[in-house]
Novice: 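For reference, the structure I am asking about is given below.
Predicted model, so just to flag it, every value in this text is computed and none were measured. Just so you know, ligand 1 is whichever comes first in the structure, and atom 1 is the first atom listed for that ligand.
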Amino acid sequence: MPTPYAYFKKQFVPLAEAKIGVMTHAFNYGTGCFEGIRGNWNEQDERVYLFRLRDHFLRLGRSCRILKIDLPYSPEELCDIATKLVGMCGYTEDVYLRPIAYKSSEVVGVRMHNLEDDLVMYVTPFGPYLDLEKGIRCMTSSWRRVDELSIPARAKVTGIYVNSALAKTEAQENGFDEAVMLASDGHVSEGSGENIFIVEDGTLITPSHSDNILVGITRDTVIRLAREELGIETVERPIARAELYTADECFMTGTAAHVTAVVDVDRRPVGNGKTGAITAHLQKLYLDVICCKNNKYADWCTPA
Ligand code: PMP
């Protein structure tokens with residue numbers, strides 16, 4: 001029987017015992033950095049593979065530098081803790097690993113400095129997040145993606161997710177599956193928890209690092225798979241909202257979302273309103289790679 005454990009205050013404990021106090025700084029002010037990492041169950045090998053684990057911890061390290069969070073672990077030590085934790089839990093299905101490095105002082109006062117930091121990691125079963133088969137219908141959000149000059153979007157900061165949550169709820173309450181957020185200059189930025197790509201004349205186009213995106217690991221994976229497996233290059237440039245309406249294909253990428261087709265934006269079908277050919281090809285490649293079913297990319301998969 002799988003048992004949920006957490007890594008909390010430098011120890012492995014049952015998940016139910018990993019509790020923080022109500023005065024914790026990160027709980028009050030959103031001063032934490034986190035990652036979402038998938039562990040993908042491989043039936044044949046009967047094990048969970050963690051996807052691009054080290055890359056997630058490298059990004060966590062960069063987020064922590066922006067928030068002045070002291071993360072006293074090397075990426076390798078974090079990988080060891082993660083694999084041990086996932087192994088201990090014993091899940092035989094897809095899981096989600098959530099490390100959070102956070103301001104742990106129980107003190108009132110908004111700031112980043114002179115506070116204690118801590119790290120927690122937990123694991124939870126996690127199936128599909130969006131409809132991989134049918135694709136999703138999106139709306140352009142009335143909420144703008146948080147601007148670099150307000151909170152750097154490239155840092156995966158817990159507090160930033162209020163921005164994502166506002167957009168996601170607006171989209172779902174209006175009958176859509178997901179939101180497309182524009183940057184404050186009006187260009188397309190990303191989804192509430194996904195990066196976005198369009199396909200035009202056989203080329204991939206995605207917003208660049210300077211369009212207030214979280215620089216996604218799935219985004220990078222797809223850029224590399226497109227280049228190496230399909231011979232398709234990706235152009236990183238600003239995308240206008242209306243380009244979403246005229247694109248041949250559109251899809252979103254993310255650890256939770258995998259590669260999901262966007263089949264409709266603002267009640268306009270994208271292409272023929274079905275998952276496009278390039279999207280479908282990338283989705284299939286990606287789903288094999290993350291379960292360690294493609295030897296060429298086995299380095300990206302860490303067995304738990
Ligand atoms: N943008 C946002 C806002 C996200 O929360 C995520 C999910 N981490 C992504 C993009 C995709 O990033 P990744 O592919 O690394 O999961």
Side-chain angles (χ1 to χ4, degrees), residues 30 32-40 50-64 66 75 78 82 94-101 124 126 128-130 132 136 138 141 143-148 150-171 177-184 187-197 204 206-226 234 236 239 250-260 262 282-283 285-287 289-290 297 300-301:
C33 298
F34 70 107
E35 280 299 317
I37 305 166
R38 266 193 190 264
N40 304 292
L50 293 158
F51 188 62
R52 297 193 67 171
L53 187 58
R54 191 166 186 278
D55 293 323
H56 279 282
F57 288 129
L58 289 174
R59 185 170 68 188
L60 182 66
R62 291 194 292 274
S63 297
C64 284
I66 294 172
L78 292 167
D94 292 346
V95 297
Y96 200 70
L97 173 68
R98 167 59 51 83
I100 313 174
T124 188
F126 197 63
Y129 180 68
L130 295 172
L132 284 174
I136 54 169
C138 292
S141 183
W143 298 98
R144 292 289 175 265
R145 178 68 178 146
V146 68
D147 192 77
E148 180 74 24
S150 303
I151 314 175
R154 75 192 58 244
K156 199 166 165 64
V157 175
T158 55
I160 289 188
Y161 280 77
V162 171
N163 183 223
S164 289
L166 287 167
K168 179 80 174 184
T169 290
E170 180 189 45
D177 302 303
E178 187 52 276
V180 175
M181 278 191 284
L182 306 180
S184 36
H187 287 114
V188 173
S189 180
E190 59 180 349
S192 69
E194 306 85 12
N195 293 116
I196 189 164
F197 287 73
L204 293 185
T206 193
S208 75
H209 292 207
S210 51
D211 290 318
N212 294 338
I213 62 167
L214 179 78
V215 183
I217 289 166
T218 318
R219 174 185 182 275
D220 178 68
T221 304
V222 162
I223 291 172
R224 288 173 60 181
L225 291 176
T234 302
E236 297 178 46
I239 296 178
C250 179
F251 61 88
M252 285 185 167
T253 63
T255 296
H258 298 307
V259 176
T260 300
V262 175
L282 286 169
Q283 184 187 71
L285 277 166
Y286 179 79
L287 292 175
V289 165
I290 62 170
Y297 300 98
W300 276 340
C301 302

Novice: Classify the ring geometry between Tyr286 and Phe51 as parallel (under 30°), tilted (30 to 60°) or perpendicular (over 60°).
Specialist: perpendicular
Novice: Measuring only between side-chain heavy atoms, which start at C-beta, is Thr255 closer than 4.5 Å to Glu35?
Specialist: no
Novice: At what distance is the nearest protein heavy atom to atom 6 (C) of ligand 1, and which residue and atom is it?
Specialist: Gly193 O, 3.2 Å
Novice: Using a 4.0 Å cut-off to any heavy atom of Lys156, which atoms of ligand 1 qualify?
Specialist: 5 (O), 7 (C), 8 (N)
Novice: So is Arg145 in contact with ligand 1, going by heavy-atom distances below 4.0 Å?
Specialist: yes
Novice: State, without any angle test, whether Ser184 and Asp147 hold a side-chain donor-acceptor pair at a distance under 3.5 Å.
Specialist: yes
Novice: N/O of Ser164 under 3.5 Å from N/O of ligand 1, yes or no?
Specialist: no
Novice: Is the closest side-chain donor-acceptor distance between Thr253 and Glu194 under 3.5 Å?
Specialist: no
Novice: Is the backbone N or O of Phe126 less than 3.5 Å from a side-chain atom of Arg38, with the two atoms forming a donor-acceptor pair by type?
Specialist: yes
Novice: Among all protein non-hydrogen atoms, which one is nearest to atom 14 (O) of ligand 1, and what is the separation to 0.1 Å?
Specialist: Thr218 OG1, 2.6 Å
Novice: Is it true that Arg224 and Asp220 make a salt bridge, defined as a side-chain N closer than 4.0 Å to a carboxylate O?
Specialist: yes
Novice: What protein heavy atom lies closest to atom 12 (O) of ligand 1? Include the residue and the distance to one decimal.
Specialist: Gly216 CA, 3.4 Å
Novice: What protein heavy atom sits nearest atom 16 (O) of ligand 1, and how far off is it?
Specialist: Thr255 OG1, 2.6 Å
Novice: Please could you name the atoms of ligand 1 that Tyr161 approaches to less than 4.0 Å, counting only its heavy atoms?
Specialist: 2 (C), 3 (C), 4 (C), 5 (O)
Novice: Consider every N or O of His56 and every N or O of ligand 1, then say whether any pair is closer than 3.5 Å.
Specialist: no
Novice: Below 3.5 angstrom, do we get any N/O pair linking Ile217 and ligand 1?
Specialist: yes
Novice: Would you check whether Ser192 has a nitrogen or oxygen atom less than 3.5 angstrom from a nitrogen or oxygen atom of ligand 1?
Specialist: no
Novice: Would Thr253 count as being in polar contact with ligand 1, using the rule that some N or O on each side must be under 3.5 angstrom apart?
Specialist: no
Novice: Quick one: are Asp211 and Ser208 in side-chain contact, heavy atoms under 4.5 Å?
Specialist: yes
Novice: If the cut-off is 4.0 Å to any non-hydrogen atom of Asn195, which atoms of ligand 1 fall inside it?
Specialist: 10 (C), 11 (C)
Novice: For ligand 1, which atoms have a heavy atom of Gly254 less than 4.0 angstrom away?
Specialist: 11 (C), 14 (O), 16 (O)
Novice: Taking all non-hydrogen atoms of both residues into account, name the closest pair between Gly191 and Met252 and its distance.
Specialist: CA-CE, 3.8 Å
Novice: Search all heavy atoms of Gly216 against all heavy atoms of Arg59 and return the closest pair with its distance.
Specialist: CA-NH1, 3.6 Å
Novice: Is it true that Arg98 and Thr124 share a donor-acceptor pair across their side chains at a distance under 3.5 Å?
Specialist: no
Novice: Heavy-atom contact check, 4.0 Å cutoff: does Arg59 meet ligand 1?
Specialist: yes
Novice: Could you list which atoms of ligand 1 come closer than 4.0 Å to a heavy atom of Glu190?
Specialist: 1 (N), 2 (C), 3 (C), 10 (C)
